[in-house]
Asker: 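Sharing a structure below in structure tokens format, with a few things to ask.
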Amino acid sequence: MGSTEREIMHRMRLAVLLYDRVIVAAAHFWQSEQMRRILPQVKQLVEVGAVLPAIRAADETRDVNDYFARRLSQTSQLHNALRATDPAIESEIARPGQYHIARRIERLGAVVHLDFNSVEAEFRSIWLADCIDCQVLGSVNMLVTSRVSEPERGAIMRRLRSLALRSFFSRSEVARAARELALPTEFCRSLVARASHLYLLANAKSCASDLLAPSAPIEAAGTGPLALSNVLLLERVLELCGVPHGALRTMSLPELLQLRDAPEFVRFREFYLNTVKRSMEAHADWQQATLRRISAMRDSERRLASIMRQLYKVQHHSGQLFLVAASSEWIEPALPTGSLATAAAMGWGVPTVLNRIPWLQNRPTDDFYQFAVAQNFGKRLPRM
């Protein structure tokens, strides 16, 4: 998982403060060594109903032991086919030696059943949308666009989209397709990692939950992404309100639950979640406003560039002729009094005068657009 047991447990405790229930896939406890080690601590949270291990729907799996047996049967075929493709796929494979972990989870006495069909349908839908979305950072579409040259891009995207239309679809199928397409190893791992994230998101959506946000800050002093489930942000806010992060780490379970159930904290949590929601809405509005502003600026600069080209056409005429052509209301008000007359008296030609008007030369958006078009970055992507 890329985190220590201490970090995972700390995030889980923060999640318990933030949400009434924290749902954890039961399979994580035999797929991850770190999760296996914190099982005794998680046991205490399960016993009070703060954390619930998740398995498939009751009509598919009676209990955790039955769920593990089905996973063992379904994933055993992946062992030889995909073990070298990605370490994440290796962790998905259940093994007979992990049976005792399933029995330990079963003895906790509390699970939540998720409808696998609804999870699968959600996963297919999210994957297809991600293959189309070119604006979400890290989407399948962006991964392919940034790493595959134009001739091969269409065929690869069609293959990846078609995966969600098959009778069986999982991240192992994504890994298999990446291998068959002979994609570079790091690219394969990026696709599998994206598939894993989308599958977890599908699980969260299927039970009307939030997916726990990534733990790594965007920058050293940052607090990660703006999301309701970002527990790093909650930790910073609690510190502002007099609860140091050191105290959160050392609290006993009864103290943690007492804090969560205190009327003052319940009201504060509601205010905190509403504040984050408003910030997210404002952030989305700000993103759209930025895009609109850049687009409008580019259109304005392109019109200005067109006017400039027309003015340069009179460059062989006299300065006096240019004075007559250029002394319109869209240039003269922007210049110091008498500047055009001075230019004409000094015999400056069109290029000289235009080059001395700063705002006419300042076209950063259109200049970059023209540069990007000239560079033809899409054609320069490495061929696979």
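Just the heavy atoms: all of them, side chains too, but no hydrogens, waters or symmetry mates, feed the values below.
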Asker: Between atom CG of L200 and atom CD1 of I126, what is the distance when rounded to the nearest 0.5 Å?
Answerer: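 Between atom CG of L200 and atom CD1 of I126 there are 10.0 Å.
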
Asker: Kindly compute the distance separating CZ (R161) from CD1 (I156), expressed to the nearest 0.5 Å.
Answerer: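 That separation rounds to 11.5 Å.
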
Asker: Looking at F169, is its backbone amide N or carbonyl O close enough to the side chain of W127 to form a donor-acceptor pair, meaning the two atoms are under 3.5 Å apart?
Answerer: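 Between the backbone of F169 and the side chain of W127 there is no qualifying donor-acceptor contact (under 3.5 Å).
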
Asker: What is the minimum heavy-atom distance between V174 and L163, and which atoms define it?
Answerer: CA-CD1, 3.9 Å

Asker: Checking M12 against M35 for the side-chain contact (heavy atoms from CB on, under 4.5 Å) test, could you report, in this order, the C-alpha distance in whole Å, the side-chain angles of both residues, the deciding distance, and whether it holds?
Answerer: CA-CA 11 Å; M12 192 173 293; M35 291 294 288; 4.3 Å; yes

Asker: Give a yes-or-no answer on whether the side chains of E152 and S149 include a donor-acceptor pair shorter than 3.5 Å.
Answerer: yes

Asker: Measuring from atom CG of L108 to atom CG of L39, what distance do you get when rounded to the nearest 0.5 angstrom?
Answerer: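 Here the interatomic distance stands at 6.0 Å.
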
Asker: Look at the side-chain heavy atoms of Ile, Leu, Val, Met, Phe, Trp and Tyr, link any pair under 4.5 Å apart, and say whether V266 and V243 land in one connected group.
Answerer: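 Looking at the clustering, V243 is in a separate group from V266.
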
Asker: Show the numbers, then the answer: is there a side-chain contact (heavy atoms from CB on, under 4.5 Å) between L233 and Y272?
Answerer: CA-CA 10 Å; L233 178 58; Y272 167 82; 3.6 Å; yes

Asker: Are the side chain of Y67 and the backbone N or O of R62 linked by a donor-acceptor pair below 3.5 Å?
Answerer: no

Asker: Give a yes or no on whether the backbone of F29 and the side-chain of S32 come within a donor-acceptor separation of less than 3.5 Å.
Answerer: no

Asker: Carefully, step by step, assess R124 and E120 under the rule salt bridge (Lys or Arg N to Asp or Glu O under 4.0 Å).
Answerer: CA-CA 6 Å; R124 293 174 186 273; E120 184 181 30; 3.0 Å; yes

Asker: What are the two closest non-hydrogen atoms of F265 and L259, and how far apart are they?
Answerer: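 Between these two residues, the closest heavy atoms are CB-O, 3.2 Å.
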
Asker: Do V64 and R104 have side chains that get closer than 4.5 Å, going by heavy atoms?
Answerer: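 V64 does not reach R104 side chain to side chain.
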
Asker: Indicate the atoms forming the closest heavy-atom contact of S139 with R194, along with that distance.
Answerer: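 Taking S139 first and R194 second, the nearest heavy atoms are CA-NE, 3.7 Å.
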
Asker: Donor-acceptor pair, E7 side chain versus T4 backbone, under 3.5 Å?
Answerer: yes

Asker: Would V237 and T275 satisfy side-chain contact (heavy atoms from CB on, under 4.5 Å), going step by step from the backbone distance to the final call?
Answerer: CA-CA 11 Å; V237 170; T275 300; over 6 Å; no

Asker: Are L257 and V48 close enough that some pair of their side-chain heavy atoms sits under 4.5 Å apart?
Answerer: yes

Asker: Within a reach of under 6.0 Å around CZ of R6, are more than 12 heavy atoms found that belong to other residues, nucleotides or ligands?
Answerer: no

Asker: So does M297 get a backbone contact from the side chain of S300, meaning a donor-acceptor N/O pair under 3.5 Å?
Answerer: no

Asker: Got a second to check how far E239's CD is from L234's CG, nearest 0.5 Å?
Answerer: 11.5 Å

Asker: Does a side-chain heavy-atom distance below 4.5 Å link P53 with V46?
Answerer: yes

Asker: Any heavy-atom pair between the side chains of R176 and E180 that's under 4.5 Å?
Answerer: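 Result yes, sub-4.5 Å side-chain heavy-atom pair found.
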
Asker: For the backbone of L17 and the side chain of R269, can you confirm whether one donor and one acceptor N or O come within less than 3.5 Å of each other?
Answerer: yes

Asker: In terms of the angle between their ring planes, are F271 and F268 parallel, tilted or perpendicular, with boundaries placed at 30° and 60°?
Answerer: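 Taking F268 first and then F271, their aromatic rings sit tilted (interplane angle of 30° to 60°).
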
Asker: Less than 4.5 Å apart, any side-chain heavy atom of V111 and any of H113?
Answerer: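 Result yes, sub-4.5 Å side-chain heavy-atom pair found.
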
Asker: For the residue pair R153 and T145, what are the closest heavy atoms and their distance?
Answerer: NH2-O, 3.7 Å

Asker: Got a sec, which pairs hit side-chain hydrogen bond (donor to acceptor under 3.5 Å, both in side chains) with one end in residues 36-50, sequence neighbours left out?
Answerer: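 Matches after skipping sequence neighbours: E5-R37, E33-R36, K43-E47.
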
Asker: Can you confirm whether more than 12 heavy atoms, excluding those of R249, are under 6.0 Å from its CZ atom?
Answerer: yes

Asker: Between the main-chain N or O of I132 and the side-chain N or O of N141, is there a donor-acceptor pair closer than 3.5 Å?
Answerer: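 Judged by distance alone, yes, a pair lies under 3.5 Å.
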
Asker: For residues F123 and L201, determine if any side-chain heavy atom of one lies less than 4.5 Å from a side-chain heavy atom of the other.
Answerer: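 F123 does not reach L201 side chain to side chain.
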
Asker: Not counting sequence neighbours, which residues clear side-chain hydrogen bond (donor to acceptor under 3.5 Å, both in side chains) with H10? List them please.
Answerer: E235

Asker: Rounded at 0.5 Å granularity, tell me how far CG in L128 sits from CG in D133.
Answerer: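 L128 atom CG to D133 atom CG measures 12.5 Å (nearest 0.5 Å).
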
Asker: Within the supplied structure, the quantity of interest is the number of heavy atoms (other residues, nucleotides, ligands) at a distance under 6.0 Å from E270 CD; does it exceed 12?
Answerer: no

Asker: Taking the side chain as every heavy atom from C-beta outward, state whether R179 and C188 have any pair of such atoms under 4.5 Å apart.
Answerer: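 No - every pair of side-chain heavy atoms lies 4.5 Å or more apart.
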
Asker: Which atom names give the shortest non-hydrogen contact between I55 and T61, and what distance separates them?
Answerer: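 Between these two residues, the closest heavy atoms are CD1-OG1, 4.0 Å.
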
Asker: Could you tell me which non-hydrogen atom of A15 sits nearest to which non-hydrogen atom of V231, and how far apart they are?
Answerer: N-CG1, 3.9 Å

Asker: Under the salt bridge (charged side-chain N to carboxylate O under 4.0 Å, His left out) test, which residues partner R13, sequence neighbours left out?
Answerer: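 R13: no salt bridge (charged side-chain N to carboxylate O under 4.0 Å, His left out) contacts found.
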
Asker: When rounded to the nearest 0.5 angstrom, what distance separates OG in S252 from CD in Q258?
Answerer: 8.5 Å

Asker: Tell me whether the rings of F68 and W30 are parallel (<30°), tilted (30 to 60°) or perpendicular (>60°).
Answerer: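 F68 vs W30 ring planes: perpendicular.
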
Asker: Test salt bridge (Lys or Arg N to Asp or Glu O under 4.0 Å) on E106 and R103; report intermediate values, then the result.
Answerer: CA-CA 5 Å; E106 175 64 26; R103 287 194 289 268; over 6 Å; no

Asker: Would you check if the side chain of S196 reaches a backbone N or O of V192 as a donor-acceptor pair within less than 3.5 Å?
Answerer: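 Confirmed, S196 side chain pairs with V192 backbone.
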
Asker: Between M9 and L45, is any pair of side-chain heavy atoms under 4.5 Å apart?
Answerer: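 The answer is yes, as the side chains (C-beta and beyond) meet within the 4.5 Å cut-off.
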
